[in-house]
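Down below is the structure, laid out as structure tokens.
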Amino acid sequence: MGLAVVAHSERPVILVRAGERAPQEREPAATAAGAAQLRPVLLGLDTATPDPALIEFAFEAAARRAVTLRVLHGWNPPYYYAYAMAPDPAVTETVAQADAAALAETLQPWRQKYPDVVVVAESRCCSPSLALIDASREASLVVLGRRIRRSSVGAHIGGVTHAVLHHATAPVAVVAHD
């Protein structure tokens, strides 16, 4: 039922896994001041098609909670690596640097709009869904996007969002966008 709501809604939907205790929003380890820190909001971001509504939702969630916004972009190496000899580390490093620069450029106007939100941006060469699922263990909320697709075949939510919804340990907010 939850997947159908996410697939058809044009508004943000937050899903919390039923039958499980929600993870604590506070870190178990105390800081030097003796108070526990709140867990960050995690944003999974596709730098090829960044949507302002998705990014704003994540920044607003982090600002309301007064927590860090962790932005994660996972990317896979170029498809031809599967057919080539061992990947050239120099090429992988070049792609990684370009991807990190694209992520920083995408976030720059939002950092200026929300100067009080601490942003930790990370671009990794790995499966986006696996990276987000792993990072969800340390998050109070995971924020993902879903493109609104109008087709006769029906709505669907995309592979990364689908995997994270099934395996994330934190509540997941799915923001629909064009």
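Because the structure is predicted, anything quoted here is derived from the model rather than measured.
Taking all atoms of both residues into account, the shortest heavy-atom contact from Val16 to Pro171 is CG2-CB, 3.8 Å. Closest of all the heavy-atom pairs between Ala139 and Ala170 is O-CB, 3.4 Å. Here the shortest heavy-atom pairing between Asp99 and Trp75 reads OD2-CD1, 3.1 Å. Closest heavy-atom contact between Thr68 and Val120: CG2-CG2, 3.7 Å. Closest non-hydrogen pair, Ala62 versus Leu69, comes out as CB-CB, 3.9 Å. Nearest heavy-atom pair across Ala135 and Arg70 is CB-NH1, 3.5 Å.
To the nearest 0.5 angstrom, Gln112 atom CD is 11.5 Å from Leu107 atom CG. Residue Ser129 holds its OG atom at 11.5 Å from NE2 of His162, rounded to the nearest 0.5 Å. How far CG of Leu132 is from NE2 of His167: 12.5 Å, rounded to the nearest 0.5 Å. Between atom CG of residue Leu144 and atom CZ of residue Phe57 there is a gap of 10.5 Å, rounded to the nearest 0.5 Å. Note that the CG atom of Asp116 and the CZ atom of Arg111 stand 14.0 Å from one another [nearest 0.5 Å]. Taking CD of Glu93 as the reference point, atom CD of Gln97 lies at 4.5 Å (rounded to 0.5 Å).
Counting only distance, with no hydrogens or angles, the side chain of Thr161 and the backbone of Gly145 share a donor-acceptor pair below 3.5 Å. In this structure, Arg137 contributes its side chain and Ala168 its backbone to no donor-acceptor pair below 3.5 Å. Side chain of Thr169 to backbone of Ser136: a donor-acceptor contact under 3.5 angstrom is found.
A 6.0 Å sphere centred on CD of Glu105 holds no more than 12 heavy atoms belonging to other residues, nucleotides or ligands.
At least one side-chain heavy atom of Arg65 sits less than 4.5 Å from a side-chain heavy atom of Leu141. Here the side chains of Phe59 and Lys113 are not in contact, with every heavy-atom distance at 4.5 Å or above.
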Output side-chain donor-acceptor pairs under 3.5 Å for residues 40-55, partner residues at least two apart or in another chain, one line each.
from, atom 1, to, atom 2, distance (Å)
Asp46, OD1, Ala48, N, 3.0
Asp46, OD2, Thr49, OG1, 3.3
Asp46, OD2, Arg147, NH2, 3.3
Thr49, OG1, Arg147, NH2, 2.5
Asp51, OD2, Ala53, N, 2.9
Asp51, OD2, Leu54, N, 3.3

Under the criterion side-chain contact (heavy atoms from CB on, under 4.5 Å), I'd like the reasoning laid out for Leu72 against Arg124: C-alpha separation, chi angles, the key distance, then a yes or no.
CA-CA 8 Å; Leu72 183 57; Arg124 283 200 247 164; 3.8 Å; yes
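When hydrophobic clusters are built by joining Ile, Leu, Val, Met, Phe, Trp and Tyr residues whose side-chain heavy atoms come closer than 4.5 Å, directly or via intermediates, Val143 is not grouped with Leu130. Both Val67 and Ile14 are part of a single hydrophobic cluster, where members link through side-chain heavy atoms under 4.5 Å apart.
No salt bridge links Glu138 with Arg39; every basic N to acidic carboxylate O contact stays at or beyond 4.0 Å.
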